[in-house]
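Only one structure is covered here, and it is reproduced in the block below.
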Amino acid sequence: MIEILSTTALATVQDQGRTGALQWGVGTSGAMDPLALAAGNLLLGNDETAAGIEMQVFPFSVCFEDACAFAVTGADCAARLDGDAILPWWSYQAAAGQSLHLDLPTDAAWRGARAYLCVAGGIDVPVVLGSRSTQMRGAFGGHQGRALRKGDKLKTGANFASKCQTGYGLVAPALKMARQIDGHIALRVLPAAEYDLFTAESREVFWSEPYRITPQADRYGYRLAGPNVVPSAPLELRSHGIVPGVIQVPHGGQPIIQMRDAQPSGGYPKIGTVIGADLWRLGQAPIGSRMRFVQCTWDEAVAALEEVEDWLGHFRRSIDHRRNIQT
Amino acid sequence: MTEQPQISLLGTSAPLFEAPGETTLATQQRIWGLAREAESWPEVREAVPGMNNLLLSFVPPPPATLESLQRRLAEKVVR
């Protein structure tokens with residue numbers, strides 16, 4: 001059992017997301033940084049689809065009631081286990097009764113917005129519509145369909161703690177696969193249906209100027225601030241299914257990027273969509289940071305996904321290799 | 001409203017098919033029919049009918065090219 005010690009809000013149980021239920025109006029949910037969660041699970045010998053705890057408001061503390069192998073991935077939050085500093089993206093063994101404390105994300109090597117606590121066996125909550133992710137709109141999935149509260153106790157899955165070797169880790173993908181332009185996070189975008197209906201000037205500034213993430217940014221979506229993008233003529237649109245990463249432009253011209261807890265459908269004009277391979281970068285972008293959009297093609301977007309898969313695959317093989325040596 | 005059927009992308013996860021013409025029930029019924037059929041296509045995980053449009057999400061990874069999917073969708077438009 002893991003007990004939540006802090007009153008901090010907005011921490012949720014998440015996995016890789018609930019796919020296949022959009023037709024019933026159920027959005028994707030899932031980790032804002034799916035790569036960090038997958039990597040944390042690999043470090044512990046879990047299936048990559050196992051659930052972990054996503055934390056986005058700090059400080060945050062939990063107590064391990066039983067001995068438990070764990071890893072903290074995502075943003076570097078200067079974590080401490082019973083006061084001893086521990087590394088992010090590294091697997092550790094906690095003894096029964098030890099507490100884990102995460103502080104505000106540091107600026108050390110890169111600054112992220114969300115951290116993930118992964119445990120051997122994964123967080124054991126019921127699978128609902130194929131996923132353990134918390135569905136905030138529908139109040140189901142995750143732990144009782146809601147954000148975690150002080151005093152909540154979470155079970156871990158089949159306990160491999162005795163078999164799970166710890167004491168290794170990896171370099172954060174934000175360092176290994178960094179993408180920046182002029183010091184801003186660079187996100188690759190595929191133009192969407194209404195792209196050509198925006199003015200030439202709008203399309204120009206969209207690719208050439210930075211956009212800032214305003215404080216109105218959460219798991220539902222990010223409101224951006226930057227140069228206005230406006231359509232050449234008023235657009236009449238019919239609502240359609242929405243996926244994470246869609247960049248909509250409501251009246252007023254300031255874009256919104258839909259994220260994991262986005263509404264399942266919508267009809268604002270879409271200028272583009274952040275490609276799947278870059279959604280983890282977006283999920284880690286803090287409020288106030290600036291981003292640049294880079295136009296990309298279908299082929300480039302598919303190749304980018306392969307690059308991410310290769311990164312995980314390489315890491316999976318080296319961990320398997322290490323396990324084989326030790327057993 | 002579009003004059004021609006439109007196939008666009010919602011990132012790497014899903015193409016969006018939009019029917020041409022006015023928003024009508026007859027078109028919507030064809031969208032529902034197309035959704036049922038498209039769900040059986042191998043690269044499609046889920047077909048999500050919208051208002052006179054259809055979003056198709058992929059079984060990951062996304063196909064290397066979209067040609068065959070676009071061709072099948074285009075065939076369905078022939079009246």
Side-chain angles (χ1 to χ4, degrees), chain A residues 16-28 34 130 187-197 235-248 257-258 264-267 270-279 282 296-306 308-309, chain B residues 1-28 30-70 73:
Chain A
Q16 296 295 313
R18 186 172 281 106
T19 48
L22 197 59
Q23 56 191 312
W24 303 308
V26 176
T28 315
L187 298 169
R188 289 163 286 189
V189 168
L190 273 169
E194 288 78 54
Y195 176 74
D196 289 328
L197 304 180
L235 297 173
E236 181 216 339
L237 290 170
R238 303 179 288 204
S239 66
H240 57 79
I242 291 284
V243 295
V246 172
I247 308 169
Q248 299 178 319
I257 311 185
Q258 297 292 345
S265 67
K270 312 165 283 302
I271 192 163
T273 309
V274 176
I275 65 172
D278 282 349
L279 285 177
L282 188 56
C296 114
T297 65
W298 176 261
D299 289 349
E300 288 164 348
V302 172
L305 272 178
E306 284 163 7
V308 170
E309 195 41 55
Chain B
M1 192 184 81
T2 55
E3 297 305 317
Q4 293 295 318
Q6 214 189 355
I7 301 169
S8 62
L9 293 172
L10 284 180
T12 28
S13 60
L16 178 67
F17 172 84
E18 294 178 84
E22 298 288 339
T23 307
T24 64
L25 178 59
T27 303
Q28 191 65 28
R30 295 187 68 194
I31 288 284
W32 288 327
L34 179 57
R36 273 199 297 276
E37 181 175 336
E39 270 182 339
S40 67
W41 297 351
E43 59 275 75
V44 173
R45 174 170 56 202
E46 186 178 21
V48 184
M51 197 187 287
N52 278 203
N53 57 51
L54 181 67
L55 178 147
L56 300 175
S57 74
F58 294 126
V59 173
T65 74
L66 291 170
E67 278 168 23
S68 81
L69 196 67
Q70 285 168 331
L73 284 170

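Just the heavy atoms: all of them, side chains too, but no hydrogens, waters or symmetry mates, feed the values below.
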Can you give me the closest heavy-atom contact between A:Glu194 and B:Glu18, atom names plus distance?
OE2-OE2, 4.3 Å
What one should report as the nearest heavy-atom pair of B:Thr12 and A:Ile275 is OG1-C, 3.9 Å
Spell out the residues in residues 31-46 of chain B that have some non-hydrogen atom less than 4.5 Å away from a non-hydrogen atom of chain A, in order of number; otherwise answer 'none'.
B:Glu39, B:Arg45, B:Glu46
Identify, with sequence neighbours excluded, every residue that meets side-chain hydrogen bond (donor to acceptor under 3.5 Å, both in side chains) alongside A:Arg18.
none
Listed partners of B:Asn53 passing side-chain hydrogen bond (donor to acceptor under 3.5 Å, both in side chains), at least two apart:
none
How long is the gap from [atom1] on [X] to [atom2] on [Y], to the nearest 0.5 Å?
| X | Y | atom1 | atom2 | result |
| --- | --- | --- | --- | --- |
| B:Leu16 | A:His240 | CG | NE2 | 5.5 Å |
| B:Leu9 | A:Trp298 | CG | CH2 | 6.0 Å |
| A:Gln23 | B:Leu54 | CD | CG | 10.5 Å |
| A:Thr273 | B:Leu10 | OG1 | CG | 4.5 Å |

Measure distances from A:Pro264 to the heavy atoms of chain B and classify the residue's part below 4.5 Å as side chain, backbone, both or neither.
neither
Checking A:Ser239 against chain B: side chain, backbone, both or neither under 4.5 Å from a heavy atom?
both
Does some side-chain heavy atom of A:Tyr195 sit less than 4.5 Å from a side-chain heavy atom of B:Ser8?
no
Would you give me the side-chain donor-acceptor pairs under 3.5 Å for residues 299-306 of chain A, sequence neighbours excluded?
{"from": "A:Glu300", "atom 1": "OE1", "to": "A:Thr297", "atom 2": "N", "distance (Å)": "2.9"}
{"from": "A:Glu300", "atom 1": "OE1", "to": "A:Thr297", "atom 2": "OG1", "distance (Å)": "3.4"}

In terms of heavy-atom proximity below 4.5 Å to chain A, should B:Phe58 be classed as side chain, backbone, both, or neither?
side chain
Region of B:Ser13 in contact with chain A, defined by heavy-atom distances below 4.5 Å:
side chain
